[in-house]
Structures are given as C-alpha cells and as structure tokens.
There are 2 protein chains.
Amino acid sequence: MDEKKKKIIKAAEQLFAQFGFLKTTMEDIAKKAHMGKSSVYYYFKSKEEVFAEVIRQDTLVFQQKLEAAVSNAKTPDGKIRAYVITRMTHLQDLSKFYSTLTDEYLDHYLFVEEVRKDFYVYENTVLKNLLEEGIKQNCFDVDDVVTISRMISIAIKGLEFPLFVEAKDYDPVKESNDMLNVIFKGIENQ
Amino acid sequence: MDEKKKKIIKAAEQLFAQFGFLKTTMEDIAKKAHMGKSSVYYYFKSKEEVFAEVIRQDTLVFQQKLEAAVSNAKTPDGKIRAYVITRMTHLQDLSKFYSTLTDEYLDHYLFVEEVRKDFYVYENTVLKNLLEEGIKQNCFDVDDVVTISRMISIAIKGLEFPLFVEAKDYDPVKESNDMLNVIFKGIENQ
DNA sequence: CTTTCGACCGAAAAACGGTATTGGTCGAAA
DNA sequence: TTTCGACCAATACCGTTTTTCGGTCGAAAG
C-alpha cells in the first residue's frame, strides 16, 4: 500500500523533472509505475496531489540536509554560513534537475505558492533560532530578530536569481560567503 | 525634426503604459502623434527601437532623480540610504504605471535585457563611487569595493520583488532602511 | 474488503483553414 | 527632407472539428 505510493511518487518525480508538470500525463505516470491510470487515482485523488507529494518529499530531504549541515557547524555564525551555503548549492542542483519546470509558469497553482510560503516560514524560523542562539552566546547584536531574519532571507534570495536564468561561471558558494561577510561585519567603520 | 521624435516618444510612452508593448500598434502610435505610420518609420526603424527609446528616456529621468537625491544627502551612508530609498519608491511608482507591461513576458527581447544590464552597471558604478567616497572619509571599512557593491545591489534587488507581485501593506521605505541597517552595522557583536 | 483496470465523460487543448492585423518597405509627391 | 498611400509577407485571430487528458464509475479479480 505505502509501497505502491512510493513507486508512483518515484515515477512521477522523474517524469516531472524531465518533462515538467504540464507535459507529464497521468497515463505516463501510471505506465512508468506499471499500473493502470485508475489505480494511480486509487492512491492519489488528483495530479496536483501527486505533484504536491513529490514536492513535499523533496522539501523534506532538503530540510534534513539543511539541519545536518547546521548541526555540524560549531559557532553561531558558522551555522548560518552552513545553512546558507547548503541552501544555495542544493538549489543549484535542483535548478539543473528541474530545468524544464522552472519556466513552466506554475506560479498560479496555489499549492506551489503554499510550498514556497511554507519554506519561507521554515527558513525564517531557522534563521530566527540561529540568531537567538547567537545572541545568547553573545556573538550577535540585533534587537529585532524577526526583521533581521527576514532581511537575511531577502538578501540570500537575491543570490538565488542567477541560478534560474542561464549563468555559467556563477559560484554560489563565493557569492554566499561574500554576502554573509557583509551581513555579519557590516560595512561601517566601527 | 527632434521635435517630432519627442512627439512620437510621448505618444508611445502613454500607449505602452496603458496597453503594453504587444497591444500597442505602430498605427496607434502614429495616430496619437498625428502622422502616418510610414512617417514614424522615418524617425525610428522599428517598433522595438521606439520602445527602447521610451525606456531610455525613462531611465534618464530615473537616474537624474537618483543623482539629485544622492547629492542632497550629506554623509556617505546618508547618500547610500537616499539612493536606495529613491530607487525603491521610484520603482514602486513605475510598477503601477507600467502594470500591464510587467506580466507581458518581454524578457526575451534582447533590448530589455540590455537596458536592465545597463542599469545594473550604472547602479554598481554609483554604489562603488559612494563606497569609495565613504572609505576616503573613513566611514566605511571594506576591502573589495566591487564585490561589496554587488552584494548591496543584490540585497536591495531582493526588496524589489514584492513590488511586482501583488503586495499591499508593503512599505518599501521601511524595508529599505531595515536592510541598510544590516548592511551598515552588520549583526555581529564587535 | 482492498486493489486493479477498461470503458467512459466533459472540458480543455490541438489542428486547421481561411480571414484580418500588423510590422515593415517603397516609390511618388509635397 | 519629410509625409504618406499602397503594398507585402508574416503572423495573429477565429470559428470549427478532432484529439487529448484529467478524472469517474462500476465491474471484476484476488
């Protein structure tokens, strides 16, 4: 039962990555999972739900990766650095894998919006916690943790952009580190 | 002669703003400029060139506005603040005026890409100069001016995004200031 | 009672052929 | 030098027909 679901998800994941959401039909998925279309509908009630589950799985893996990276780092600023860099490199991989999907204007689908929003909330929570941990250890000096974590989030989001347009010679690790240097040290003479 | 060109540009600007690039025809522009279509082609060799010129004019006004704001501010960090905030508010106005244009996927047109790139270069130059001025006055402490100005550019670019999707209750001035606080002060305890 | 699937439905997309627009050219005339 | 009517070719548009595809249903297999 759960075995079959996994089979469907796995098939769907590959197809979505290769052909995108629109070009992948339920029959493609069914065929690749070695069953009839109706059987897929026995496990998922819509195409969107299959896709949502694929994304959910990917997100889960992503978050585990992030948490592992963070807990491997020792200092608060090292943790933030680990978070950002892991985030960027993972996104770089994703952008290659899901290349057909990126230009497939599915921003309108509400569930994509939801996933994005969920991740946004997750990210802000993580950053907020890391900031607070840093404050406790007297490493950081910020008063409005919520605002600052949002600003960090926005700043690193800016680094994302070149990943989704063509941009060779783009080194996300260097860019991330540069950005974090600014965020940590600031530019003003103290 | 130049008088006629201006007339065309003015007519085109209004039409592009109201109907977008695709829905605006050369005859519309000609009619609004009180001349025949072929006459427009006497002054401009293509529709794209008309559009490019419109954008070029707008950009010029934008840059003058920015330079005025910068020279009004006294301190180096005040100048950067003035630059960023003027930039954001102007973009906010633009996004309203050209609302039909934003979702009209003209990223593929190379001249749009060029204008964007030109502005990007311009912005980096301005920021670089402001940074260097600040360094001379002993206000800033940065070693790689080019990298840092790029980072500032990227960070404030992130603030742009909510302007072009629907986002009421978005206060670009507050967001800009928050971001600049991070960039100036950093978050680490010194 | 769970699971599979062939047959089917309706809506939306593709195919298509013919017409109208529209970006762009040219040569004549003002 | 400047304007414009006439013209061209490519493409947008439109109404219609056909196909595809997401999703349902009921029967049957296990």
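Lettering of chains follows the sequences in order, A, B, ..., and the numbering in each one begins at 1. These numbers come from the heavy atoms of this one structure, side chains and all, not from hydrogens, waters or symmetry mates.
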- [ ] Specify the separation, in whole Å, of atom CD of Glu48(B) and atom P of dT22(C).
- [x] 17 Å
Open item on the list: Just to be sure I follow the notation: if a pair is Watson-Crick (purine N1 to pyrimidine N3 plus N6-O4 or O6-N4) or a G-U wobble (N1-O2 and O6-N3), each under 3.5 Å, what dot-bracket string does DNA chain C give, with | for pairs to another strand?
Closed with: ||||||||||||||||||||||||||||||
Can you name the atoms? Protein N/O to nucleotides 25-30 of chain C N/O, anything below 3.5 Å, with the distance.
residue : atom : partner  : partner atom : Å
dT25(C) : O4   : Ser38(B) : OG           : 3.2

TODO: Please report, rounded to the nearest Å, how far the C1' atom of dC5(C) is from the NE2 atom of His34(A).
DONE: 16 Å
Open item on the list: Can you confirm whether Lys65(A) is buried at NZ, in the sense that more than 12 heavy atoms of other residues, nucleotides or ligands lie under 6.0 Å from that atom?
Closed with: yes
TODO: Only counting residues at least two apart or in another chain, list the ones meeting salt bridge (charged side-chain N to carboxylate O under 4.0 Å, His left out) with Asp178(B).
DONE: Lys174(B)
Task: Within 6.0 Å of CD in Glu27(B), more than 12 heavy atoms from elsewhere - done: no
TODO: Specify the separation, in whole Å, of atom OH of Tyr43(A) and atom P of dT24(D).
DONE: 17 Å
- [ ] Check whether any side-chain nitrogen or oxygen of Tyr42(B) sits under 4.0 Å from OP1 or OP2 of dT3(D), and answer yes or no.
- [x] no
- [ ] Verify the neighbour count for atom CZ of Phe161(B): are there more than 12 heavy atoms of other residues, nucleotides or ligands below 6.0 Å?
- [x] no
TODO: Ignoring hydrogens and angles, state whether a donor on the side chain of Gln57(A) or Glu53(A) is under 3.5 Å from an acceptor on the partner side chain.
DONE: yes
- [ ] Specify whether Phe140(B) and Phe184(B) have parallel, tilted or perpendicular ring planes, treating 30° as the upper limit for parallel and 60° as the lower limit for perpendicular.
- [x] parallel
- [ ] Give me the other members of the hydrophobic cluster that Leu60(A) sits in, counting Ile, Leu, Val, Met, Phe, Trp and Tyr linked by side-chain heavy atoms under 4.5 Å, directly or via other members.
- [x] none
TODO: Return yes if a side-chain donor-acceptor contact under 3.5 Å exists between Asn177(A) and Arg81(A), otherwise no.
DONE: yes
Open item on the list: Restricting to side chain to side chain donor-acceptor pair (under 3.5 Å), what partner residues turn up for Tyr120(A), sequence neighbours left out?
Closed with: none
Task: d(CD1, Ile29(A); P, dC5(C)) in whole Å - done: 16 Å
TODO: Could you tell me the separation between the NZ atom of Lys5(A) and the P atom of dT2(C), rounded to a whole number of Å?
DONE: 15 Å
Open item on the list: Would you say Ser39(B) places a side-chain N or O within less than 4.0 Å of OP1 or OP2 belonging to dT2(D)?
Closed with: no
Open item on the list: With no hydrogens and no angle check, just 3.5 Å: does a side-chain donor-acceptor pair link Tyr83(B) and Glu123(B)?
Closed with: yes
Task: Members of residues 13-21 of chain B that approach DNA chain D, where some heavy atom sits under 4.0 Å away - done: none
Open item on the list: Checking Met151(B) against Ile183(B) for the side-chain contact (heavy atoms from CB on, under 4.5 Å) test, could you report, in this order, the C-alpha distance in whole Å, the side-chain angles of both residues, the deciding distance, and whether it holds?
Closed with: CA-CA 9 Å; Met151(B) 289 304 127; Ile183(B) 293 172; over 6 Å; no
Task: Whole-Å distance separating the CZ atom of Phe44(A) from the P atom of dT4(C) - done: 13 Å
Task: Over all atoms of both residues, closest heavy-atom pair of Met88(B) and Pro172(B) - done: CE-CB, 3.9 Å
TODO: May I ask you to evaluate whether Lys4(B) reaches the phosphate of dT3(D), defined as a side-chain N or O under 4.0 Å from OP1 or OP2?
DONE: yes
Task: Lys47(A) NZ - dA11(C) P separation (whole Å) - done: 19 Å
Task: Residue whose nearest DNA chain C nucleotide is more 5′ - Met35(A) or Glu27(A) - done: Met35(A)
Task: 5′-ward residue of the pair Ser46(A)/Lys23(B) relative to DNA chain D - done: Lys23(B)
- [ ] Starting at atom CD of Glu3(B), determine the distance to atom C1' of dT2(D), rounded to an integer number of angstrom.
- [x] 15 Å
